[in-house]
Amino acid sequence: MPSRANVKHTVKSAKNLSSVLSANLPGGKISLRVGFLGDGTAQRDEDGITNPQLAAVHEFGVPEKNIPERAFMGPSFDKNREKYREQMRALIARAGSDASAIERGLGLIGAGMVSDIRDYIVGGAPIPPENSPEVKRRKEAKSSGSPWGVRTLVDTGQLVRSISWVVVKG
């Protein structure tokens with residue numbers, strides 16, 4: 001029975017903000033999750049916000065608190081969607097229904113997706129809208145020596161570094 005690969009983008013709740021790629025195999029489903037994984041309870045700072053919560057604030061914005069949307073996961077995925085589809089097709093063509101080969105291949109795709117999201121945040125033009133002058137001043141004070149300089153979505157780099165991937169069976 002031939003394997004079927006699905007390439008979809010699902011942005012989950014703030015607790016587990018992730019993108020998902022999956023393949024349906026005779027032995028069951030195997031999925032790749034990319035994003036802010038885990039239970040999402042580790043606090044970033046004294047304000048008590050976690051990285052998944054902060055990512056959700058940026059991805060969707062909070063209009064009632066005058067926080068604009070600065071989506072980075074969805075646009076990064078959309079920009080690379082065809083590349084991921086081709087990688088999945090090639091993986092399924094090479095691996096067939098060999099679950100361990102698919103698991104290894106999904107891990108490689110996941111590492112590439114994490115790199116793509118990080119590059120989207122720290123490379124090229126900053127994600128709009130531009131930071132306010134007050135936020136820029138605060139970031140300049142915080143980010144001395146940061147390899148990314150003063151950018152939207154980056155203060156210390158903690159959010160960028162916390163993007164990860166995992167392959168899930170079943």
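Heads up: numbering here begins at 1 and tracks the sequence.
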message: Could you go through His58 and Phe72, starting from their C-alpha distance and side-chain angles, then the distance that decides it, and tell me whether this counts as side chain to side chain contact (heavy atoms under 4.5 Å, CB included)?
response: CA-CA 8 Å; His58 286 304; Phe72 59 95; 4.1 Å; yes
- request: If the plane angle is over 60° it's perpendicular, under 30° parallel, otherwise tilted; pick one for Tyr84 and Phe77.
  value: tilted
Taking every non-hydrogen atom, the tightest pair across Ile127 and Ala71: CG2-O, 3.9 Å
- prompt: Can you tell me how far CD of Gln87 sits from CG of Leu106, rounded to the nearest 0.5 angstrom?
  reply: 10.5 Å
query: Does anything in residues 102-124 pair up under salt bridge (charged side-chain N to carboxylate O under 4.0 Å, His left out), and if so which pairs, sequence neighbours excluded?
result: Lys83-Asp116, Glu103-Lys169
statement: Output for pair (Leu91 CG, Leu108 CG), nearest 0.5 Å, gives 9.0 Å
- request: For Ile121 and Ile163, run side chain to side chain contact (heavy atoms under 4.5 Å, CB included): C-alpha distance rounded to whole Å, both residues' side-chain angles, the deciding distance at 0.1 Å, then the answer.
  value: CA-CA 11 Å; Ile121 294 170; Ile163 303 167; 4.0 Å; yes
field: Distance, nearest 0.5 Å, that separates CG of Leu37 from CG of Asn51
entry: 11.5 Å
message: Counting C-beta onward and ignoring hydrogens, is there a side-chain heavy-atom pair between Arg70 and Pro129 closer than 4.5 Å?
response: yes
query: If only atom types and distance count, is the side chain of Glu59 paired as donor or acceptor with the main-chain N or O of Gly74 below 3.5 Å?
result: yes
field: Check against side chain to side chain contact (heavy atoms under 4.5 Å, CB included), Tyr120 and Met73
entry: CA-CA 9 Å; Tyr120 187 85; Met73 286 190 60; over 6 Å; no
message: Do Gln53 and Val57 make a side-chain contact, defined as non-hydrogen atoms from C-beta onward lying under 4.5 Å apart?
response: no
- prompt: Is the shortest heavy-atom distance from the side chain of Met113 to the side chain of Leu32 under 4.5 Å?
  reply: yes
task: Determine, step by step, whether Arg89 and Glu86 satisfy the salt bridge (Lys or Arg N to Asp or Glu O under 4.0 Å) criterion, reporting the C-alpha distance in whole Å, the side-chain angles of both residues, the deciding distance to 0.1 Å, and the verdict.
output: CA-CA 5 Å; Arg89 285 185 192 115; Glu86 287 305 314; 2.5 Å; yes
- prompt: What pairs with Glu82 under salt bridge (charged side-chain N to carboxylate O under 4.0 Å, His left out), at least two apart in sequence or on another chain?
  reply: Arg85
message: To check you understand the geometry: which heavy-atom pair defines the closest contact between Ser100 and Asp98, and what is its length?
response: OG-OD1, 2.9 Å
- request: Looking only at non-hydrogen atoms, find the nearest pair between Phe36 and Ser162 and report the distance.
  value: CE2-OG, 3.2 Å
query: Ignoring hydrogens and geometry, is there a side-chain-to-backbone donor-acceptor pair from Arg33 to Val168 under 3.5 Å?
result: no
